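Shown next, in structure tokens, is the structure this report addresses.
The structure presented is a predicted model; accordingly, all values stated were derived computationally and were not measured. In what follows, every heavy atom counts, from backbone to side chain, and hydrogens, waters and symmetry copies are set aside.
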Amino acid sequence: PALPPCPASPPASSPTSVVPAPAELWAAAKASASCAEQVRLREATAYVRGLGDDVAGERVALQLLEDFVADGPELLAEKLWGSPEGRLPGSKEEWAFRRVARREGYGGLVPGEVFSRAFSEHLLWLGCISTRAVAQKLIASQSDAAAVALQALEAHEWHRLLALQDVQASPAAAEGRGAADGVGRRVEFRYWRWRGYLLRYLVATPATPAASPPTSARPPACVAVHGFAASCAQFDGLAEALAAEAGAWPGTEFYALDMLGFGHAEKPPLSFTQYIWEQCVKDFVLAVVRQPVVLMGNSIGGYISQSAAAYIGPDLCLGVVLFNSAGPVLSREEYCAKVKAEGGTTLENMRRGYGAEFGLQEYSPPPQWLVDGFAGLLFGILQPLIEPILKTLYPSNPELVPELAEGILRDSKDPFAANVIASFSRLGPNRTSNELFDLYAAGGRGHLLVCQGMADKLGGGPDNQPRRVQGFTTICPELQSSRATLLDRCGHCPHHEAPEQAARAIRAWIEEDVMAPARS
């Protein structure tokens, strides 16, 4: 039907107005249950933009660009975010960002970081002004800061084209896997925008929709997080193996995410910390998966999974699976002594301030030129050695190594990839796994499964693996259940090296531990 005619000049708040004012739209979005989570995520990242509740649009984006070109990145950062020391952080991620900035001012950030953070939503996500217009403005400026910003802009466009190529290809063409895995599941790669940055993820869903089982009988979705230098593609074998195991689980979904800076995800010029990756995983669960999950991770991805689980809690994260996980593990006595000596947990101390006076290690990074030079040198040394190094980590299934090495080498050649290694000099204080599981299991809930490759040459070598397993399985008496599966011949990545064994252990754990309380 035809729309009613529009009054000539109705007041913005007039009940006869056909097009609501921006403020009315924003209020309606906040009141809508379907939009509430997206609104919460947007407001949680207000410090990244420094714009509060300002409506995004061309005017704001053009003013940001003018300020950047005229005043430079440091003055723009002061305008957006205030003094590095003058604002109480609202999140762990912001705390880590300000910890870097307060040391040497905003000039101590990664070159190009102010541009990337300031434009992450207005330019890269919402497209309020064209990439070409921004590029022309930066080229005309001819300043060093504009030259680095132009590189960041071109890198973003490069990743957009990579994502376009991936999504236009069939799942078989994208990663050498069939569109369906032969057991009624479709395995494909998709993309998600996180604060304007493109992140790839793998999802395995039923090829043919099945009738949904009762909520109490429906297993949680699985969300997997890769280790350093790896990607979500490392989990496609586990996704297929779990599908084969899960014949009694109609509708079960499996997700694996490329964290920012890895795989086919964008690698912007940011001061990467573990808290950026934690926030990335939390937002993925809340915005994309949107159902109860089991978080699983390998190596540093295991530590990120622990961190995310501690935040979202056992109502949404029903359990955690660790594959040769990173993370400091102390005995109960050592952990209690540490907390007493430092005057609180690491998170409690972060809420109080920075540095030794608050029980935290002082931040004293090397000069940026040294960090960049070392990262470039390390990349040059490691790239030819990727395959030999991986063979030492895959003792029982070395035939997986050539394809994996090829993928890691490709990812390492992306724009700004070396900065991911360089940013390890900026990592925030590590919270112990003890602290994370105490938060996650508060109230006597939550489940843990440790799938450990016992031939792992990392983490202290094979002789130390039994100690790591014991440490994790006894880490928190409040956990509702904790168990371990030992994969004797596997190395650092048992989920990839022996996916069938890992899938059997995961299915038994979900059925017997995670879902048992719901059935009882």
Side-chain angles (χ1 to χ4, degrees), residues 166 171-172 174-183 185-192 199-205 219-246 249 252-260 262-265 277 280-281 284-285 288-289 293-305 308 319-326 390 393-394 397 400-401 403-408 410-411 449-453 485 487 490-507 509-510:
D166 283 351
E175 291 293 338
R177 295 290 184 266
D181 56 23
V183 289
R185 297 296 169 105
R186 179 174 296 278
V187 179
E188 58 182 315
F189 292 85
R190 300 175 185 172
Y191 277 82
W192 170 57
L199 307 185
R200 183 183 65 162
Y201 66 96
L202 174 152
V203 58
T205 56
C222 295
V223 178
V225 186
H226 59 80
F228 181 75
S231 74
C232 65
Q234 199 184 39
F235 286 96
D236 58 355
L238 180 62
E240 295 175 7
L242 277 172
E245 285 288 328
W249 297 352
T252 307
E253 295 180 345
F254 181 97
Y255 297 84
L257 176 68
D258 276 354
M259 290 190 294
L260 191 69
F262 297 104
H264 285 209
W277 294 319
C280 180
V281 172
F284 180 76
V285 171
V288 177
V289 184
V293 301
V294 162
L295 282 173
M296 54 183 67
N298 168 235
S299 193
I300 191 174
Y303 181 76
I304 300 302
S305 296
V320 179
V321 182
L322 302 180
F323 303 109
N324 292 64
S325 177
L390 288 175
L393 303 179
Y394 280 71
N397 202 350
L400 295 171
V401 166
E403 182 180 355
L404 177 62
E406 182 180 354
I408 292 175
R410 192 224 68 81
D411 300 339
L449 170 64
V450 179
C451 283
Q452 195 79 2
T485 295
L487 303 177
C490 290
H492 190 60
C493 306
H495 61 288
H496 192 205
E497 201 171 357
E500 292 82 8
Q501 291 176 262
R504 283 195 293 273
I506 292 169
R507 178 182 180 180
W509 170 72
I510 289 178

- Query: side chain to side chain contact (heavy atoms under 4.5 Å, CB included) between H492 and E497: does it pass, once the steps are laid out?
  - Reply: CA-CA 9 Å; H492 190 60; E497 201 171 357; over 6 Å; no

- Task: With side chain to side chain contact (heavy atoms under 4.5 Å, CB included) as the test, would you mind laying out the steps for D411 and H264 before giving the verdict?
- Result: CA-CA 7 Å; D411 300 339; H264 285 209; 3.6 Å; yes

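You'll find the side chain of I300 reaches within 4.5 Å of the side chain of W277, heavy atoms only. The shortest distance between side-chain heavy atoms of L390 and I408 falls below 4.5 Å. Between C493 and L393 the shortest side-chain heavy-atom distance does not fall below 4.5 Å. Using a 4.5 Å cut-off on side-chain heavy atoms (C-beta onward), L257 and V223 make no contact. The side-chain heavy atoms of R190 and V288, taken from C-beta on, include no pair separated by under 4.5 Å. Side-chain atoms of L199 and M259, non-hydrogen and from C-beta on, never get closer than 4.5 Å to each other. Considering only heavy atoms from C-beta on, W509 comes within 4.5 Å of V321 through its side chain.
For A230 against F262, the heavy-atom pair with the smallest separation is O-CB, 3.7 Å. Taking both residues in full, the closest heavy atoms of S231 and G263 are given as CB-CA, 3.6 Å, listed atom of the first, atom of the second, then distance. For the residue pair A239 and L202, the shortest heavy atom distance occurs at CB-CD2, 4.2 Å. The heavy-atom pair separating F189 from C232 by the smallest distance is CE2-SG, 3.7 Å. Residues G453 and N324 come closest through the heavy atom pair N-OD1, 2.6 Å.
Remark: E500 CD to E240 CD distance equals 9.5 Å, nearest 0.5 Å. Between the OG atom of S299 and the CD1 atom of I304 there is a distance of 10.5 Å, given to the nearest 0.5 Å. Atom CZ of F254 is separated from atom CE of M296 by 5.5 Å, given to the nearest 0.5 angstrom.
Not a single salt bridge (charged side-chain N to carboxylate O under 4.0 Å, His left out) links R504 to another residue, sequence neighbours left out. In terms of the side chain to side chain contact (heavy atoms under 4.5 Å, CB included) criterion, residue partners of A498 (sequence neighbours excluded) are, by chain and number, C490, Q501. Legend: residues meeting side chain to side chain donor-acceptor pair (under 3.5 Å) with Y201, ordered by chain and number and at least two apart, are absent. A search for side chain to side chain donor-acceptor pair (under 3.5 Å) contacts involving Y191 returns D166, not counting sequence neighbours. With sequence neighbours excluded, the residues that form a side chain to side chain contact (heavy atoms under 4.5 Å, CB included) with A503 are L238, A241, L242, E245. Partners of A308 by side chain to side chain contact (heavy atoms under 4.5 Å, CB included), not counting sequence neighbours, listed by chain and number: V281, K282, L295.
For the side-chain contact (heavy atoms from CB on, under 4.5 Å) with L449, the lone residue among V294, L322, V320, T485 that qualifies is T485.
Taking the ring centroids of F235 and H495, they lie under the 6.0 Å cut-off. The distance between the ring centers of F323 and H496 does not fall below 6.0 angstrom.
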